[in-house]
Amino acid sequence: MAKAQAPDTSSISRLDQIKISQYFGCNTFSERTMRERLQKDVYKAYRQALKRGEALSPEVAKSVALAMKEWALEQGCTHFTHWFLPMTGATAEKHDAFITWDEPGVVIERFSGSQLIQGEPDASSFPSGGLRATFEARGYTAWDPASPAFIMEGPLGKTLCIPTAFVGYHGEALDHKVPLLRSMGVVSIAAKNALKHFGINAESVVAQCGPEQEYFAVDIDLAQQRPDLMFANRTLQGARPPKGQEMEDHYFGSIKARVLGFMQDVELECFKLGIPAKTRHNEVAPNQFEIAPIYEAANLASDHNQLLMEILKSVGERHSLAILLHEKPFAGVNGSGKHVNWSIATDEGQNLLEPGNTPEENLQFLYFLSATLKAIHTHGGLLRASIAFAGNDHRLGANEAPPAIMSAFLGAQLNHILDAIEKGAAADASSQKIIDLGIGNLPRIEKDATDRNRTSPFAFTGNKFEFRAVGSSQPIALPLTVINAAVAEALDDLNARLEAELKAGKEHKAAVLSVVRQAIQETKAIRFEGNGYSDEWKAEAERRGLPHAKDTVAALHIWEEAAVKAVLAKPGILSEGEQESRLHIRHEEYQKVIAIETQVLRQMAETQILPSVTADLGARADSLGKLAAAGISVPETLKAALQTQAALAGEAQARLAAMKAALAKAEALEDLHARTEAFGNEVNQSKHALREVLDALEDACDADLWPLPKYWQLLSPLV
Ligand code: ADP
Ligand code: MG
């Protein structure tokens, strides 16, 4: 095999000068690089630890660290950092130079095994939700060997980044990665136990994910003139343009050269970091786009999605584009989400959500399918809570993204089969019966047969489920953690029932079918094939007893129930305490987001918009005066228009005062929950009320005096 050599990608000016496969992952300390650089026994020990999910021994760590350091120095790295996902939702890093004193005044490059395995950032400034008292602020970062170290290129040098998990002094999870890794372990065990009943002894089962990332791109010069885009990541004011997305001419349209150049640059950065960026296209709204990778193990997909969000923003700046990852940057224009595609597969690559070729394999598929339905049925509320935050409140249930009610869509073909099983006398299912039910030779489920219903939050699309309610700016780790945990619990439940039936002497196929049938019956309420946007569905879902948390406030309430917490607490994914802390952080984060939005809107109204409107009124009144002085009679309608605008400005001033009062009142509340409710209700409503008038003022104000770039400018084609 030819030695993998990192080409000098810094000199690549055109992507057609080099094949992707020649440089893919060149900025990562990949498996391939490790295999080449580590001694055989060290590499074997590393692989083994990885496969078993165990920690590296100090000797192995030392050898890996040495090889990693040599590789990084060869690549021109001067610094290293432990890279992690604190609960802020962003990534964190603290850079250390490789240097140490050799003898007084002489430095050498050094990087030890313990520096690789464990770091100790000052944790006190990261949110812990009360988990860690400040006097006990120590936190540790520990390398996640499943995620390769990578190099981040800076203007004057490179930094080695080591993906790590972040834990507190007592091992409590302080990041998004630890629970995700724990949940992957838990679902692996449950799935392995299930597979044993189908004659498969898998070494491990891996949760896999491919997140489709939507975003907006806006000219950076325009974006920088809007305090709301700079500080709140979305517009807090803006009159609707005459043409929005009504013409539906943007979706899958040809990609303009400027945007294509940006996308290609993003992909170049992705490929160097081993992120398998696969698809790019225009989205529904003007200046909205999507990038989707090939799916990977969930923890890797999560790291890569975090990196991708950073790459989008930083490469955007190079192209004078502001990349907006917010769920709803523009009112009246579709927002952005992240479709989280999820499946589980054996380490040999058998996708457990793919129908097979034999009756036995098809039963196994139905077993995993019904376990997933059970997971969503039992834990739809927590799943909803996992994606609850201020940004996503604008999308969910707003007829552009799935509703806030969790349901599952399977498509006509599968529904038919599930209905047949439900009605069939499964208790005495013989092989003949299975064939009669149509399970014997299940067809491959065509994606097209399942993908038509875009209104479903959790849709089966051929060989995976697609969780479509995740927000575009949100880390995918928590929703993935909840899916893994819920499916693990459901599998444990089904496994126990199956074992009981087998113990009672039932024939294997009949026993499996009986368990599947029970699960189908129990989960019927979440199966919905109709229009998820409709009001009928809301009423129907209520009749079915499905939780419907309309906003973050309601969704967090669900998570607070002890029974809901159990699915994460029981298997040790997140203890009650760890969940309490996360809930606390979510409350505070929600309040902060709305407080910032309110402050920004106040400032824009008070210091930019209202002064401009008054100036406009004054100038127009002067003009009318001049007309009158020249003996030209001023039509009453012209005066009336000014009068209306003046009255609106007065109304804006009153609503501004009301908003300030609502904010002050909310901030003064002692109780965390009461504060969240006040921000979610009174403060949000007051913001909305003010915006309404400001938008109307914009529509009648002299465009030259209007102090902010308008929607039509922000959403004009990027040329
Ligand atoms: P779309 O949903 O936009 O039509 P696809 O369904 O082809 O596009 O793929 C969307 C995403 O789903 C991609 O990121 C892809 O890698 C991912 N994906 C495909 N198969 C699986 C799977 N078995 N498990 C998880 N993700 C998958
Ligand atoms: Mg999709």
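Keep in mind that the numbers below use all heavy atoms, side chains included, and drop hydrogens, waters and symmetry copies. No experiment lies behind these values; they were computed from the predicted model shown. Every number for a ligand or one of its atoms is a count from 1 in the order of the listing.
- Ligand 1 has no N or O atom lying under 3.5 Å from any N or O atom of Glu290, backbone or side chain.
- The side chain to side chain donor-acceptor pair (under 3.5 Å) check on Gln350 picks up nothing, with sequence neighbours excluded.
- Contact check on Lys328 versus Asp393 returns no salt bridge, with no Lys/Arg side-chain nitrogen under 4.0 Å from an Asp/Glu carboxylate oxygen.
- Neither the backbone nor the side chain of Lys278 comes within contact range of ligand 1; no heavy atom lies under 4.0 Å.
- Taking the six-membered ring for Trp and the full ring otherwise, the centers of Phe289 and Phe216 sit at least 6.0 Å from each other.
- Distances from ligand 1 to the non-hydrogen atoms of Glu354 include no value under 4.0 Å.
- Donor-acceptor pairing under 3.5 Å is lacking for the side chains of His394 and Glu327.
- For atom 15 (C) of ligand 1, the nearest non-hydrogen atom from the set Pro276, Pro293, Ala292 comes from Pro293.
- A salt bridge links Glu269 to Arg318: at least one charged side-chain nitrogen sits closer than 4.0 Å to a carboxylate oxygen.
- Atoms of ligand 1 found under 4.0 Å from any heavy atom of Asn351, numbered from 1 in the order shown, are 23 (N).
- Contacts of His339 with ligand 1, taken as heavy-atom pairs under 4.0 Å, are absent altogether.
- Legend: residues meeting ring pair (Phe, Tyr, Trp, His ring centres under 6.0 Å) with Phe150, ordered by chain and number and at least two apart, are Trp83.
- Backbone and side-chain nitrogen or oxygen atoms of Trp342 are examined, and none is located within less than 3.5 angstrom of a nitrogen or oxygen of ligand 1.
- Among Glu296, Glu212, Gln213, Lys464, the residue whose heavy atom lies nearest to atom 6 (O) of ligand 1 is Lys464.
- Evaluated by nearest non-hydrogen atom to atom 12 (O) of ligand 1, the leading choice among Thr279, Val340, Asn341, Ile291 is Asn341.
- Contact record, Met87 with Arg582: SD-CZ, 3.4 Å, taken as the closest heavy-atom pair.
- Here Thr461 has no heavy atoms under 4.0 Å from ligand 1, in either its backbone or its side chain.
- Of the heavy atoms in Ile294, only backbone atoms (N, CA, C, O) come closer than 4.0 Å to ligand 1.
- Between Glu153 and Lys272 there is a salt bridge, since a side-chain N of the basic residue sits under 4.0 Å from a carboxylate O of the acidic one.
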